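Take a look at the structure below.
Note that the structure is a prediction, hence the values are computed from the model and not measured. Proteins come first, then strands; the chains are lettered A, B, ... in the order of their sequence lines, and each starts at number 1.
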Amino acid sequence: MGLKEKIAMRAAQEINDGDIVNLGIGIPTLVADYIPKNKSVFLHTENGLLGVGPTPLPEEIDPEIINAGKLPVTALIGASYFSSSESFGMIRGGHIDVAILGALQVAENGDIANWAIPGENILGVGGAMDLVAGAKKVIVTTQHCTKNGEPKILPSCNYPITAKGVVKLLITEYAVFKFENNQMILEEILDDTMTLQQIKAITPANYTISQSLKMLQK
Amino acid sequence: MGLKEKIAMRAAQEINDGDIVNLGIGIPTLVADYIPKNKSVFLHTENGLLGVGPTPLPEEIDPEIINAGKLPVTALIGASYFSSSESFGMIRGGHIDVAILGALQVAENGDIANWAIPGENILGVGGAMDLVAGAKKVIVTTQHCTKNGEPKILPSCNYPITAKGVVKLLITEYAVFKFENNQMILEEILDDTMTLQQIKAITPANYTISQSLKMLQK
Amino acid sequence: MSKVVSIEEALTHIKDGDTIAVGGFGLVGCPIKLVDGLSERPVSRLTIISNNLGEPGGLGLGKILHQNKISKAIGSFFTSNIDAVKYANEGKLEVELVPQGTLAERLRAGGAGIGGFFTKTAAGTLLAKGKESRIIEGEEYIFESPLIPDVALIKAKKADTYGNLIFSKTARNFNPDMAKAAKITIVEAEEIVEVGQLNPEEIVVPHLFVNYVVNGGN
Amino acid sequence: MSKVVSIEEALTHIKDGDTIAVGGFGLVGCPIKLVDGLSERPVSRLTIISNNLGEPGGLGLGKILHQNKISKAIGSFFTSNIDAVKYANEGKLEVELVPQGTLAERLRAGGAGIGGFFTKTAAGTLLAKGKESRIIEGEEYIFESPLIPDVALIKAKKADTYGNLIFSKTARNFNPDMAKAAKITIVEAEEIVEVGQLNPEEIVVPHLFVNYVVNGGN
């Protein structure tokens, strides 16, 4: 299993029976594959479908059923279609239980930056700001550091933020952090080759360590 | 023909081919009977139906098709049903061409009072305020005076108003008044037994007389 | 995962002092069996959000009113039930009168996560008293707040076991807006069908807005 | 009274400097034939309201962009078309970036006569710059204004000759909101049917929002 799949698998554990879930592009998309089959989970895509099913076989693609990443998907039994204002009414109105999305940066106060890079012309935001402001629980799935090894989990974001203080859970290939009562808390270590010191070294954000810290069983 | 039918017949002449029309309770309801058959006119009722048809025969009543007066109606071919927020979105958003409704009082500045009586507990407003604020053209149909002979067309309303300055046309059994550029203008006399002086005597509002004043042909 | 429960079980979610939205325009689209069930529950000090407060003779919500379970009513037209008028005049019922379209839009705002909105409806009238006013594009608007009921009692034509809903004709009215606005939505369906029986394009209220479905029969 | 016209005739209603809303999420639900028709019209200085601005290779609105007919774009995600990025970076295209849900809601407000609304989306971010902010129930909201395009170009699955519309799957997206918001709405329907062929309960956009219908075929 790759790092991304590992993160997605851990994120899937956060989903409860009956949840309405919106999955972003990238790692979050992979989460769908790891939702236990005994749970009824309903995937929402903000372009107007509740009840997203798996990717179709090439010969079964319906060009008018796409997800927010503009990729072909399917609609499960019990699904419904609706307009953009209806769809974002669901999001803004707190009817989405869990939104899982990626991030460029996450700050210790729960700020998230995932839409713009300083110095570049800002030309795309999509539904990210609506989702993080509206979903009941925002989970960020991301690799712990950038491709160049730079930290992404910071005391404060230096990229333009998507919303203030909305992240509830942050899942990387190494660790799970919870955000609660204005505190960032290390809850789990997901990589048994990593020590607390090693995680601290790549995580400039200030966080406490949970008294019930979980370590991956070898 | 009764006075009410006469007023309704005159009001029907204001309706153009293709118009979306909302008819209030009382005289406005009668207007439907006088719309020329060669015009395509679509009646909207704010409880959620576009394409209101005639009153059904007793044996053809569908209890789930009613108008804003809670009376049974029918739905014509091409009709559609929608929720209250959709229906009032149509009204508020200016998608209703003509709203015809009754009034307790109309003022020379186009104010209308048609929902509350001073000194009585105010317990009903319905869709009146939405309609007069949102429809493109507000036409008031009313008897010229109250049952007790008191004037209803006044310099200013002393009943609580429904909206400020929204009336475009006022049709009574005696006359038609237009409201334009902050002026109230007598446009037509609908009763050939009435002189200008007699109309003035029962109309305390200040109005000018149109240079093209129309009199009913005997 | 079926949301179908008994009327009794569904109504245990209503507590003393709750704000309950009840669908319907008059009795059309009113969930009569849920209202009847409510009359058998030992709850008090309810605030009811409903266009009307039952009809004369104790029909619909009139029954609950007679039991002195309602302390406040938010709606647009209470004059059609003389009992409601009597209770209000005797000071036994607090009334918040809201224009019908503003009522629908405040519910819609509650469901869609809108913090408040500006409408021309009621500007300059008694119903604007105490409300913020603002000139937008040269016209006067007033500020209105969202309504978020604790519970909504909804009438639907058909529900599937997930809680997807369709409605019948003008019995749709306030039901979709209330279903979306409330924290807990209980649906009285004339017919309960299997998931997959409703066309995904025709579902008016997707299941994520619905918590419980009861069988109301015809 | 049929609203069916040719593409050429419908597009004569677009004038230099107009604001044009164009349906679709990517190319799904985009009225490609109307957009192609627009590329043959001698119009300039258009403001386009659309989630995206075409796709790479000059598809959809990309064609109009290449003709230098677009001076401003209002939408949520332009990064998917590198040509749009290039034009913006070269200063040939003014961009107003709006979160996807706020875009949908601003259109919905335009259609429903709402003077403006408060949303949590984008509060505290770069996209809130210059916008009124307000604390409601302890959370920060920002004020957003309605969008009222001069013309909307809409894609529907079926239209009847009155202009009642239904849509197909996730091709619905922004189309209903834009149809309701615009002063003039032009619909490209895959199929045009006789009045009465669409079920009154299933009509998504009632005909009062539609001005012209053109046959787009499949």
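- Contacts with chain C were tallied for A:Gly51, A:Ala133, A:Gly89, A:Gly94; A:Gly89 has the most, counting heavy-atom pairs under 4.5 Å.
- If you tally non-hydrogen atom pairs under 4.5 Å between each of C:Ala112, C:Gly110, C:Gly113 and chain A, the highest count goes to C:Ala112.
- When every heavy atom of C:Met1 is checked against every heavy atom of A:Gly18, the shortest pair comes out as SD-CA, 3.5 Å.
- Contacts of C:Leu198 with chain A are absent, with no heavy-atom separation under 4.5 Å from either backbone or side chain.
- The backbone N or O of C:Gly111 lies less than 3.5 Å from a partner atom in the side chain of A:His95, making a donor-acceptor pair.
- Minimum heavy-atom separation, C:Pro206 to A:Met90: CG-CE, 3.6 Å.
- Within 6.0 Å of the NZ atom in A:Lys70, the count of heavy atoms belonging to other residues, nucleotides or ligands exceeds 12.
- Atom CD of A:Glu60 sits in a crowded spot, with more than 12 heavy atoms from other residues, nucleotides or ligands closer than 6.0 Å.
- Side-chain N or O atoms of C:Asp160 include none that pairs as donor or acceptor with a backbone N or O of A:Gly78 at under 3.5 Å.
- Sparse packing is recorded around CG of A:Asn182, with 12 or fewer heavy atoms of other residues, nucleotides or ligands lying under 6.0 Å away.
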Apply side-chain contact (heavy atoms from CB on, under 4.5 Å) to A:Asp97 and C:Leu208, showing your working.
CA-CA 10 Å; A:Asp97 296 301; C:Leu208 82 177; over 6 Å; no
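- The nearest pair of heavy atoms linking A:Ser80 to C:Asn164 is OG-OD1, 4.3 Å.
- Around atom CD of A:Glu59, more than 12 heavy atoms belonging to other residues, nucleotides or ligands sit under 6.0 Å away.
- Atoms CG and OH, from A:Leu76 and C:Tyr162 in turn, are 7.5 Å apart once rounded to the nearest 0.5 Å.
- Within the model, atoms OG of A:Ser40 and NE2 of C:His207 stand 9.5 Å from one another, a figure rounded to the nearest 0.5 Å.
- Considering only heavy-atom pairs separated by less than 4.5 Å from chain C, the leading option among A:Ile77, A:Asp17, A:Leu49 is A:Ile77.
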